[in-house]
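Here the structure comes first, spelled out in structure tokens, and everything after it is commentary.
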Amino acid sequence: MASLPTLPALDLLAAVRRLAPLVCEGTLAGLHLEGPFLSPHRCGAQSAEDVLEPGSDRSRRLLESLVQAGRRNHAGPDAQAIVAMTYAPELDGAEWVERTLFAAGILPSPGHTDATEAEFTTALQRWAEMPTPGFGGTGQRGHPAVTHLFNAMPGFHHRAPGPVPAALRAAARGDLRLELVADGLHVDPGVVLDVLRLAPGAVCVVSDASAATEAPAGAHTLGAVAIQTTGNGSATAPRVVGQTTMASGAVALDGALRHLLAWGVPPELAVPAVSTTPALTLPPARRASGWVEWEWDAETGTIAPGPPAVVVPPGTPGP
Ligand SMILES: CC(=O)N[C@@H]1[C@@H](O)[C@H](O)[C@@H](COP(=O)(O)O)O[C@@H]1O
């Protein structure tokens, strides 16, 4: 799945128009837009200049155009190329964003947010009332996921709990999924283990990758933002140039799986967290087309295709 960062409005629209046909032809599983309706206080590595408030006419026109662009060359309720949009649920106009997204069959993903616990919880309650065509036009609601839980949002404080405990409770109830960047740098490994124990079926490990992920030291861009890697590949996370702000994950998904297994996460929790749980963002017809058997060698820390490696057709029940 391709994530687009917060970009100048016309560039974002152009990018969706360019990428939507790739979803249509099956090259990409879907698009995730990380913004532009983000908290100006929690942009992280996203372009603060291009963040928009949802209430304005300009914002309305943009979101309507994005929804339209995601539908280009498509037909049918599963055909929207945009599958999720990160937004800050505490913003004025957030309710309109949620309503527009659900109506288009797009999942709202709370993230890059400065929400209080109450604001976050209220958003989840609002969702329950909102009509959606759902997957396959069934009206069956997909479970939204929080965009990289812990990163680009307030941390848990005992007198100002913020969004984290509300998200954990909703995930434990089965109402929400939680993205985690498991590169060993964005979130402490012990915290990743705790979240996996608390809500095992809800964790979506994501790479949060950019062009700088696992790249040798050098300069890159995240949309309009200049970022860089200073260390060697996965040893350090990319940063915004001139700042300490992390700016995307240090490892791709296979690296994240290696980390999880090395931290002692049992394979039966680790493998769904990098595969089937995140795939629930997608309409069923666009989910993974099979599975491979594999072996984890705990001594050498390697993952190898198990004998025999099996790839099965879409829709075949698992072993
Ligand atoms: C693509 C993207 O936006 N990635 C975010 C970044 O914006 C944020 O700065 C970082 C650390 O957030 P933190 O300092 O709040 O932990 O997490 C992720 O890398």
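We number each residue from 1, following the sequence as shown. Ligands are counted one by one from 1 in listed order, and the atoms in each one are counted from 1 as well.
In this structure, atom 12 (O) of ligand 1 is in close contact with the protein, since a protein heavy atom lies within 4.0 Å of it.
Checking only distances, His112 does come within under 3.5 Å of ligand 1, N or O to N or O. Looking at Leu222 next to ligand 1, no N or O pair under 3.5 Å apart turns up. For a threshold of 3.5 Å applied to N or O pairs, the pair formed by Gly249 and ligand 1 contains no separation below that value. An N or O contact shorter than 3.5 Å links Ala45 to ligand 1 by distance.
Neither the backbone nor the side chain of Arg42 comes within contact range of ligand 1; no heavy atom lies under 4.0 Å. At a 4.0 Å heavy-atom cut-off, ligand 1 touches Asp208 through the side chain alone. Contacts between Ala152 and ligand 1 below 4.0 angstrom, taking non-hydrogen atoms only, involve the backbone exclusively.
Nearest protein heavy-atom contact of atom 16 (O) of ligand 1 is Asn151 ND2, 2.7 Å. Atom 6 (C) of ligand 1 has as its closest protein heavy atom Met246 O, 3.4 Å.
In summary, the atoms of ligand 1 found under 4.0 Å from a heavy atom of Gly44, numbered by their order in the structure, are 7 (O), 9 (O). Below 4.0 Å from some heavy atom of Thr245 lie the following atoms of ligand 1, by number and element: 9 (O). Shown in contact with Gln46 at under 4.0 Å from a heavy atom are these atoms of ligand 1, numbered in order with element: 1 (C), 2 (C), 3 (O).
Using a cutoff of 4.0 Å between basic side-chain nitrogens and carboxylate oxygens, Glu117 and Arg169 are scored as salt-bridged. Salt bridge Glu64/Arg60: absent, no basic N to carboxylate O contact under 4.0 Å. A salt bridge links Asp254 with Arg258; the closest basic N to acidic carboxylate O contact falls under 4.0 Å.
Among His186, Glu34, Gln243, His148, the residue whose heavy atom lies closest to atom 19 (O) of ligand 1 is His186.
Under 3.5 Å, the side chains of Glu34 and Thr147 contain no donor-acceptor pair of N or O atoms. Between the side chains of Glu25 and Thr27, a donor-acceptor pair is found at a separation under 3.5 Å.
Although no hydrogens or angles enter the test, the distance criterion places a donor-acceptor pair under 3.5 Å between the side chain of Arg177 and the main chain of Thr277. The main-chain N or O of Ala256 is never found under 3.5 Å from a side-chain atom of Asp183 such that the two would form a donor-acceptor pair. A distance-only check finds a donor-acceptor pair linking the side chain of Ser59 to the backbone of Glu53 [under 3.5 Å].
With a 6.0 Å radius and a threshold of 12 heavy atoms from other residues, nucleotides or ligands, Arg58 has its CZ atom at or below the threshold.
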